[in-house]
Amino acid sequence: MADIRCQMCGKLNPSNLDVCQFCQARLRPVWESAQPEEEPLAGSGGEGDEIPEWLRSLRSPDMGAGETPSGSGLDWLSDVEPDEFAADAVKNVFDLEPEEKLDDWLSGAASLAEPESPKAEDSFDQVRSELSFLEETPFSSAAPEEEETPDWLDRFRDEQGEETPERMDFSPAGQEQPSPEEAPDWLARIQEAQMGDWSPPQEPASEPESWSPESQPEETVPEFTPSEEAPGWFTEPAPASEAGEEAFGEAEEPDFGAIFTPETQPESAESQQGVPDWLASLYSGQEEAPSPFMAEPEAAEPETPSAAEKAELPDWLSGVAETSAEPAAAAGGIYTAPLEDEFPQTGAEGEAAEESKPDWLSELEAQGASALEGQSPPPFTPAFDDFNLEEFSVGEETPDWLSKLEASSSAQPSEEAVAAFLFEGKGETPFTTEPPGEALPQVDAFTGLPEWLSEVTQAEEPEEHPEESGKAQALAPTELPAWLESMRPVEPAASATPFKDATDSRVERSGPLSGLSGVLPVGAHAIRAGKPSNFSIKLQVTEELQNRALLLQKLMEDESKPKPLPAPSAAPTPYLIRLGLFAVLALAVFFALFLGGGQIPLPVGKAIPQSLNDAYRQITTLPDNAAVLLAVDYSPGYVGEIEGAAQAVVQHLAGRGASLAAISTNPSGPALAERLLQNIDPALAAANQFHNLGYLPGGTAGLFGFAQSPEAMVPFDLQGKPFWQQEPLNPQLGIRNFAMLVVMTENAETARTWIEQVAPAMSPAPVLMVLSAQAEPMILPYYQGKPQQVSGMVVGLAGGAAYENLINRPGDSSRAWDAFSLLVTVSLAVLLIGSLASAALGAITRGKQSKVESSV
Amino acid sequence: MKSPSAIFNMTIACSAGLVTLLGYFIPPLAGIRDVLLQWAVILAGFALLVGIINLLSAHFRKLSKAKKGGFYSLVLILSFVGSLIVFGVSGPDGSWSLLLFNSVQVSVESTLLALLTVVLAYAAIRLFHKEVTRATVLFMLTFLIVLVSSAPLFGLSNTPLLSELREWLSSVPIVAGARGILIGVALGVLAAGLRILMGVDRPYGR
């Protein structure tokens, strides 16, 4: 199958497509793409009962479904209708609203604008060329005799119960008649109705040719008669008569009326029979049976069908009739003659058909007849030839389908709008129809474009020249549709009106900006003519800056200069003072040594503190052969102060026969303990009476551990002998083996540790303290507290001297008592004098400084 | 995020402290407490030894690098070595040990304390040279009273007024102040112990 060329884009599409695959334009009319599977209407079929009677009458009883009456002479119409055209489709076509179907019909008609046929000299050729796509339909290639009646036509036959007439040959002469299957059903029905009366012309089967006016046989289209035989115009192609050509050429419209002219009627009288009157009227004259595609002449006033006819006419057809009347009146627009005019009926059947035909159809016939009376059929005008938005504006009598189109486009074309295409005349559109008498827009054979379009392009060229001449010639604004107009961008309000500075109302009067306001003044006062002042490139330094620079320079210089040392003070250096103090104290000591000692009495009586007396009493009441634990925790530097008192206590304990065990938490303690034990009167020292347990590390934790498990902490003495297995110690008792604890230390913390960690474990054993004078205040609360944790204290050199006096054993403390007393007295005097002197000197120095500061 | 070693150390310290504390109140834990205390004594003794070694190493390093004061480091090292030899040969209670101890250590330390007397006297004299304030005057009066009451020369200590005054000073202000200090120390020790038990303070390192 040959491809179908799209009339819109000009591209080839497969024949099986209904819509162009490139531009989505319809390739065939709506009725062509109806369901092909539907069986043609039968006489007893339900669908056939719905077909109007007038249409049924068209079908020849002899014609079968799908058959077309032969020799009808209107083979072109059979080429148009496919075989698969169903009765429903036919019915739908006639029953549907114009606005639902006419658009497709119109689109199909619009596709006629670009025929493929070669250049046609007249309008008829143009129509032929426009309808050339129809010849590519599948049904166009079959032989007329061999083609089957279209289904729609067969349905007609079945309904009528008549013999299906021969299929009407609508194809042009020389073309193969469409097969019965390919012929439209409605055509088949028509043929059936006309069976018997129709005698389609016997045309030889020929290859389908491009439908063109030139190729049309000279035989005219036979008159359609409602007979068995299909009218000639159904089977015979459009006549290529001169009348037809003239009709199309001069009137710019295909002269379908020529098809129906009496001259073009088939010779066969039988073909006249059975033709409906309305169809016959088409053959009565061009003026009587105007072409359905013919436009009314301009002189004829458009007459709208009556109300009765409107009721009977399908909406799409009535609307078309109305709308075609107006544009036809205005500029020869689309006109669709009543269907009766298209298919005139003659004869008895015609009369019967006329009686049965609906009123709307008869009205249309009358209108068409009256309109075309005496007039040649108006030339063919493309469906969109007179398309003008203004004519089809909302509110006027426009078809519904067209009004719908217009409703979608809210914007009315404006004359001020820029035209999409430029035309010489205002309001001209590509669809403007030339006034009658002028040639129909021809189609350029080379470009394939309609002539009107080429005229447009030619019209554009001269407009380029006016642009050179002046700027006053503005482009003719085109009328934009409402919907497009609504899409015009709205400028922001801010930029709607240019801001104008009202402060400056001066208007420039000279120069290129004359007439404008808000321009910078260019007058003499704005520009100061003259030589600009010269500025020195040298740095301008003010007096203040110079002063600051000098100050900064002086500061920087002072940093590098050595600072003068301050004058030494008049007061002696501290070294001399200290040296003098040493000398004084040393003289006092040497004087005491010079005196020999014993010059100063030892403390006795009330001069002995109570703590010392308690200590003496505790040792005196110590049981015989008791074990006493000595804690020798004083440092070697305090030997002169404490060792005298410690030694006196140890002498007293030794005289009491106590077993002494010395232990120390000080690393030098064991050595001090040995020194202490070796100074004891050898008469008092007995074998195995003194034990040195050595050094106990761990500080507080060690004392606690020794208090809890002394055998584990100190299993051996300093000689390596097991201490706790010796007599009188009992290993079971542990620390409780000791009847007294004597702590000898100069540190109050050490004394407190022994008191807090070990004394509770040895309770109720008394704890005696041999302390330095500096530790007495801190341990005194333990002595004065209740319960009394310290039973007695021997404090310092004075305590030692007093204790030695008590036990009547002079020792180191007694020997140092004279020097100690003299030294303390001298120190007291030195401190008094020195403090006073220092205070006086300090006051004098501060006075001088204050005077100096005040004078500055 | 704490390191695993820090967590381990804290666990050991806290557990040992808690066991030692609970050992006072729970008799079954007394044995564990004693064991832990013995370990602490051993560690303390070993720490003394480590300190001595560190001291020798530092002075030896100082001597080897010929830094300033290297002579004294040499004296220290020689003294240590000599003492170690003497006490090692003679024993801790030997005659040579005691001779060395008595002639060197005791004499040196006693001399240093004797110099302290001169320094303290000079400081007392210079106390009024800067500024005479109420604290300095009070200090000086207290010092003189105590010092006079301790000076048996000229029978000043036997003066009834001075003896009673000294007795009152010793019993009231001094003891009160001492008690306050002892209470504060006790509370501080308690807080420090709890912080160590709870792991807040970590004297053993993080």
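First the proteins, then the strands, lettered A, B, ... as listed; each starts at 1.
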Close contacts, residues 16-34 of chain B versus chain A, judged by heavy atoms under 4.5 Å: B:Y24, B:R33, B:D34
Which of B:A40, B:A44, B:G91, B:S110 touches chain A most, by non-hydrogen pairs under 4.5 Å: B:S110
Nearest non-hydrogen partners of B:F128 and A:R846, listed with the distance: O-NH1, 4.4 Å
Exercise: identify the closest heavy-atom pair between A:A671 and B:L98: O-CD2, 4.1 Å
OG on B:S95 to CD on A:E674, rounded to 0.5 Å: 11.5 Å
A:P670 portion near chain B, given a 4.5 angstrom heavy-atom threshold: neither
Selection from A:W817, A:Y782, A:Y695, A:F582 maximising heavy-atom pairs under 4.5 Å formed with chain B: A:W817
Closest non-hydrogen atom pair between B:E109 and A:P636, with its separation: OE1-CD, 2.9 Å
Rounded distance (nearest 0.5 Å) linking atom CG of A:L836 with atom CE of B:M140: 8.5 Å
I'd like a table of donor-acceptor pairs (distance under 3.5 Å, sequence neighbours excluded) in which one partner is a side-chain atom from residues 164-187 of chain B, with atom names and distances.
| unit_1 | atom_1 | unit_2 | atom_2 | d |
| --- | --- | --- | --- | --- |
| B:R166 | NE | B:S149 | OG | 2.9 |
| B:S170 | OG | B:R166 | O | 3.0 |
| B:S171 | OG | B:E167 | O | 2.9 |

Heavy-atom closest contact (B:H129 atom, A:T845 atom, distance): CE1-OG1, 4.2 Å
Region of A:L672 in contact with chain B, defined by heavy-atom distances below 4.5 Å: both
Heavy-atom check, side chain of A:L831 versus side chain of B:I125, under 4.5 Å: yes
Best-contacting candidate, A:Q719, A:Q708, A:M713, A:R675, against chain B by heavy atom pairs under 4.5 angstrom: A:R675
Among the listed options A:G834, A:A840, A:S838, the residue most often paired with chain B at heavy-atom distances under 4.5 Å: A:S838
Residue pair B:Q38 / A:S709, side-chain heavy-atom distance below 4.5 Å: yes
Top of B:N102, B:L36, B:L112 for chain A proximity - count of heavy-atom pairs under 4.5 angstrom: B:N102
A:L718 versus B:D93, closest heavy-atom pair with distance: CD2-CB, 4.2 Å
B:F87 portion near chain A, given a 4.5 angstrom heavy-atom threshold: neither
Among A:P781, A:G705, A:G640, residue most engaged with chain B (heavy-atom pairs, under 4.5 Å): A:P781
Side chain / backbone / both / neither for A:Q599 at chain B, heavy atoms under 4.5 Å: neither
Part of A:A701 within contact of chain B (heavy atom distance under 4.5 Å): both
Point-to-point distance, once rounded to the nearest 0.5 Å, from OH of B:Y122 to CG of A:L581: 9.0 Å
Proximity of residues 46-53 of chain B to chain A, residues having a non-hydrogen atom under 4.5 angstrom: B:L48
Among A:G698, A:G842, A:S835, residue most engaged with chain B (heavy-atom pairs, under 4.5 Å): A:S835
Inter- and intrachain pairs under side-chain hydrogen bond (donor to acceptor under 3.5 Å, both in side chains), touching residues 772-781 of chain A, at least two apart: A:Y638-A:Q774, A:E641-A:S772
